[in-house]
Amino acid sequence: MSQKIFNTKTRKKEVFQPIEEGAVGMYVCGITAYDVCHVGHARAAVVFDVIFRHFRARGYRVTYVKNFTDIDDKIIDRANREGVTITDITDRYIRLHDEDMAALNVLAPTITPKATEHMADMITLIRTLEEKGIAYAVDGDVFFAVGNYPAYGGLSGRNLDEMMAGARVDVNDKKRNPLDFVLWKKSKEGEPSWESPWGAGRPGWHIECSAMSRRYLGDTFDIHGGGEDLVFPHHENEIAQSQAATGKPPVHYWIHNGFVKINAEKMSKSLGNIFPIREIIRQYHPEVLRLFMIQSHYRSPVDYSDTALRETRTALIRCYTALRQMKDLRAQSGGAGDAAGAAAGGYAKRLNDLAEKFDAALDDDFNTAQALGFVFEAARLINTVTTAEKKMPAAAKLAVCNAAAARFAHFGAVLGVFQSDPDEFFRADRSLEAAKRGLDIPQIESLIRDRDKARAEKDWSRADDIRRELAAMNILLKDAAGETFWSIE
RNA sequence: GGCGGCAUAGCCAAGUGGCUAAGGCAGCGGUCUGCAAAACCGUUAUUCUCCGGUUCAAAUCCGGAUGCCGCCUCCA
């Protein structure tokens, strides 16, 4: 089974052919470090994290580069407003970014370069373009001449004439063509600047990615990713710069993730509907947000809402419930179990089939939604064995659970979910929900103890009174063999 | 104005030429249970926005209509 990838450049699903057998070079546009990360960043991060994880699970050696843009107008604005240096700003938001990513179980990329640490690479690239007559300097600024690069527009499916007709381009007297874009920008008084052959200035936005991807992955590499909004102009310009400089196409496969909408509206500062990751995970377990992202295909738009997250939480609880049953069963009866018994029920084979289908779904353009379907089927299978199967011998159940545990470890490792111990997960979930509703956990647990006592004495009416009292607080009780399990809502 | 995408059950969401149209949430009936809950079983789209066409065969391909959305300006 070969990997397939939808390539933005050709708008087709293509069979992935790595440049070097068994290896993948992947560059993804990271954040501009001037504010905290929001749901949109979470989606991009999770999407490419799963791609990274899947490639590794399939045995590829992956070099995953994700940059930080740490010099930019927005950063300068913020630094000026706060009266601090741009490094104060970028250090702060890179740190917060790293915290958020860790919370979401996003693996650290192989290399996380910063623009400001690659000035020499950028200047070299711009000089090359200048020497080739594709860039021109005017009064300390350097522009890329789109007219001298005939393939311009190849990624986004536009051509120069159409764009000229569109006319929504900014007016700048220095540019020869309104569509020319800046490679190097002369610094104004008091702005951060770097020395260059064109005087003190700073790089344009697009050049950093051309320079850094080339530095770490070479003139041509396998995969370049980012949000769909980056297709034009950012990635279009990146291709133009790189290819004009090196004479080679920089990227074989372009992957772009879809946007997150908020309650069916575009997320924007003016609508005030930006949800920072750190705010969301105060309300929901981080795996809820993560599962929410992988429930749909990475290219479709997703609509974020509290209702959607609540439903996702219920689905995640379903999985953790299965994992908890499995854990309990394995704890009660240790050992290898009866493999023949597991095989007899057909369970071992079904688990095996599901695991194969799971991997195949991800091979097909990273279809996490489809893969998740098989995960839920596996969860049902576990529940059947642990709770519904009445006549199955314990040793056979144990063997199924052992096999299922290995499968779930794989699902979890690739999707980046199910990373908590089930008891830990429910504890965290209860405490989040209790905090949201202002409920007092020790008080709840004391009521449950009272009820357990009443039940032991077969005082059913007292037990039911307590159940009703707790139900009024949205507390749900589940009487199990030894103890009463509870959850909120 | 230019470029592109999407339309599948009450809701979310896979499926892109041919087995019974995944899966999740919600609902209903049952099993289990002191009562519950969870779990399991069954059930909820004879049909994939609409109209034409291609084909032995289409949700899936082609043409058209309608509706929604994104990009073209900083943006994951």
Side-chain angles (χ1 to χ4, degrees), chain A residues 8 11 13 28-32 34-35 37-48 72-74 77 153 156-159 161-170 179 205 225-234 236 256-261 264-269 274 291-292 295-297 299-303 305 307-308 310-319 321-322 324-325 357 361 364 367-377 379-390 455 458-461 463-464 467-468 471 475-480 484-487:
Chain A
T8 309
R11 300 215 171 79
K13 230 187 251 182
V28 173
C29 290
I31 59 154
T32 299
Y34 76 106
D35 209 343
C37 294
H38 52 64
V39 235
H41 297 113
R43 183 173 197 197
V46 168
V47 162
F48 288 102
D72 157 280
D73 287 346
K74 294 186 292 296
D77 286 350
S156 54
R158 299 153 205 255
N159 64 55
D161 296 339
E162 280 166 359
M163 283 187 278
M164 291 303 286
R168 278 176 75 178
V169 286
D170 77 285
L179 293 170
W205 174 37
E228 65 178 356
D229 57 318
L230 297 179
V231 175
F232 189 90
H234 183 54
E236 193 68 73
H256 292 96
N257 67 274
F259 257 37
V260 178
K261 293 190 298 173
E265 284 182 313
K266 183 180 156 75
M267 176 169 60
S268 75
K269 296 232 153 135
I274 308 242
L291 188 68
F292 171 71
Q295 264 175 340
S296 7
H297 187 90
R299 279 187 280 118
S300 3
V302 301
D303 194 1
S305 67
T307 311
R310 271 209 306 274
E311 286 180 3
T312 307
R313 168 180 172 251
T314 310
L316 184 62
I317 285 175
R318 178 175 166 77
C319 291
T321 300
R324 186 168 61 89
Q325 308 274 38
K357 287 179 179 172
D364 187 7
N367 195 334
T368 52
Q370 192 176 60
L372 257 185
F374 302 123
V375 172
F376 281 104
E377 283 187 38
R380 167 174 294 122
L381 190 148
I382 292 169
N383 287 331
T384 301
V385 169
T386 55
T387 51
E389 275 274 19
K390 303 289 182 203
R455 287 180 67 229
K458 296 209 185 317
D459 182 355
W460 306 125
S461 80
D464 289 350
R467 178 195 286 288
R468 268 190 292 277
I475 310 289
L476 226 63
L477 303 180
K478 302 165 191 181
D479 294 326
T484 299
F485 180 86
W486 64 278
S487 60

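Numbered from 1 within each chain, the chains take letters A, B, ... in sequence-line order.
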*Can you tell me the distance, in whole Å, between the CZ atom of Arg158(A) and the C1' atom of G2(B)?*
8 Å
*Who is the Watson-Crick or G-U wobble partner of U73(B), with both distances under 3.5 Å?*
none
*Kindly indicate whether the side chain of Ile317(A), heavy atoms from C-beta on, has any atom under 4.5 Å from the side chain of Ser487(A).*
no
*Sequence-aligned protein contact record of nucleotides 27-34 of chain B, with B where the base is within under 4.0 Å of a protein heavy atom and S where only the sugar-phosphate is*: -------B
*Are Leu372(A) and Leu291(A) close enough that some pair of their side-chain heavy atoms sits under 4.5 Å apart?*
yes
Between the protein and nucleotides 22-26 of chain B, are there any N/O to N/O pairs under 3.5 Å, and if so, what are the atom names and distances?
residue, atom, partner, partner atom, Å
A22(B), O2', Glu377(A), OE2, 3.3
G24(B), OP1, Arg318(A), NH2, 3.4
G24(B), OP1, Arg380(A), NH2, 3.4
C25(B), O2', Glu311(A), OE2, 3.4

*Nearest-Å distance, CD1 (Ile475(A)) to C1' (A38(B))?*
16 Å
*asked:* Under 4.0 Å, counting only non-hydrogen atoms across every strand here, what does Ser268(A) touch: a base, just sugar-phosphate, or nothing?
replied: nothing
_Paired nucleotide for G10(B) [Watson-Crick or G-U wobble; both distances under 3.5 Å]_ = C25(B)
*With C1' as the reference atom in both, quote the distance from C61(B) to C48(B) in angstrom, rounded to an integer.*
16 Å
*How far does the P atom of G29(B) sit from the matching atom of A38(B), given to the nearest Å?*
14 Å
_Residue pair Ala361(A) / Phe374(A): nearest heavy atoms and the distance that separates them_ = CB-CE1, 4.3 Å
*Write down the distance between CZ (Phe232(A)) and C1' (C72(B)), rounded to a whole number of angstrom.*
6 Å
*Euclidean distance for C1', G17(B) against C56(B) (whole angstrom)*: 12 Å
*Please state the P separation for the pair A26(B) and C12(B) - nearest whole angstrom.*
15 Å
*Does some side-chain heavy atom of Val231(A) sit less than 4.5 Å from a side-chain heavy atom of Glu236(A)?*
no
*Inter-nucleotide P distance (U49(B), A9(B)), Å rounded*: 8 Å
*Are Tyr34(A) and Asp77(A) close enough that some pair of their side-chain heavy atoms sits under 4.5 Å apart?*
no
*Map Ala388(A) and Pro301(A) onto RNA chain B by nearest heavy atom, then report which one ends up closer to the 5' terminus.*
Pro301(A)
*If you look at every strand shown and take non-hydrogen atoms under 4.0 Å, does Val260(A) touch a base, only sugar-phosphate, or nothing?*
base
*Could you tell me whether Ser487(A) contacts a base, only the sugar-phosphate backbone, or nothing, with contacts defined as non-hydrogen atoms closer than 4.0 Å?*
nothing
*Rounded distance (Å) that lies between atom C1' of A39(B) and atom CD1 of Ile317(A)*: 15 Å
*From Asn383(A) CG over to Arg318(A) CZ, what is the distance, rounded to the nearest 0.5 angstrom?*
6.0 Å
*asked:* Rounding to an integer number of angstrom, what distance separates U33(B) and U60(B) when you compare their C1' atoms?
replied: 47 Å
*Could you state the NE2-P distance from His256(A) to G4(B), rounded to the nearest angstrom?*
16 Å
*Span that lies between the C1' atom of U20(B) and that of U44(B), in whole angstrom*: 16 Å
_Which heavy atom of Cys319(A) sits nearest to which heavy atom of Phe376(A), and what is that distance?_
SG-CE2, 3.5 Å
*Give the rounded distance in Å between these two atoms: CG of Leu291(A) and P of A13(B).*
14 Å
*Pair assignment for C19(B), Watson-Crick or G-U wobble, requiring both distances under 3.5 Å*: none
_Does the structure show a Watson-Crick or G-U wobble partner for U33(B), both distances under 3.5 Å? Name it, or say none._
none
*asked:* Just verifying a value: how many Å separate Asp479(A) CG and Arg467(A) CZ, rounded to the nearest 0.5 Å?
replied: 5.5 Å
*What is the nucleic acid contact for Leu476(A), judged by heavy atoms within less than 4.0 Å: base, sugar-phosphate only, or nothing?*
sugar-phosphate
*Check the distance between C6(B)'s P and Glu228(A)'s CD and give it to me in whole angstrom.*
11 Å
*What is the distance, rounded to the nearest whole Å, between atom NZ of Lys266(A) and atom C1' of C6(B)?*
17 Å
*State the pairing partner of C61(B); accept Watson-Crick or G-U wobble contacts with both distances under 3.5 Å, and report none otherwise.*
G53(B)
*asked:* Please classify the nucleic acid contact of Gly40(A) as base, sugar-phosphate, or nothing, using heavy-atom distances under 4.0 Å.
replied: base
*asked:* It should be established whether Asn367(A) places a side-chain nitrogen or oxygen under 4.0 Å from OP1 or OP2 of nucleotide A14(B).
replied: no
_Evaluate Lys13(A) against Asp364(A) for salt bridge (charged side-chain N to carboxylate O under 4.0 Å, His left out), listing each step before the verdict._
CA-CA 9 Å; Lys13(A) 230 187 251 182; Asp364(A) 187 7; 3.0 Å; yes
*Determine the Euclidean distance between corresponding C1' atoms of C51(B) and A14(B); express it in Å to zero decimal places.*
27 Å
*Tell me what Arg43(A) touches on the nucleic acid: a base, only sugar-phosphate, or nothing, going by heavy atoms under 4.0 Å.*
nothing
*Looking at Asp303(A) and Ala308(A), what are the two nearest heavy atoms and their distance?*
O-CB, 4.1 Å
*asked:* For the CZ atom of Arg43(A) and the CG atom of Asn257(A), what is their distance to the nearest 0.5 Å?
replied: 6.0 Å
*asked:* How long is the straight-line distance from NE2 of His234(A) back to OG of Ser156(A), given to the nearest 0.5 Å?
replied: 13.0 Å
*asked:* Could you tell me the Watson-Crick or G-U partner of A38(B), where both distances fall under 3.5 Å? Say none if there is no partner.
replied: none
*If you check every side-chain atom of Gln325(A), which of A13(B), A38(B), A76(B) has the closest atom?*
A38(B)
*So which nucleotide does C68(B) pair with, by the Watson-Crick or G-U wobble rule with both distances under 3.5 Å?*
G5(B)
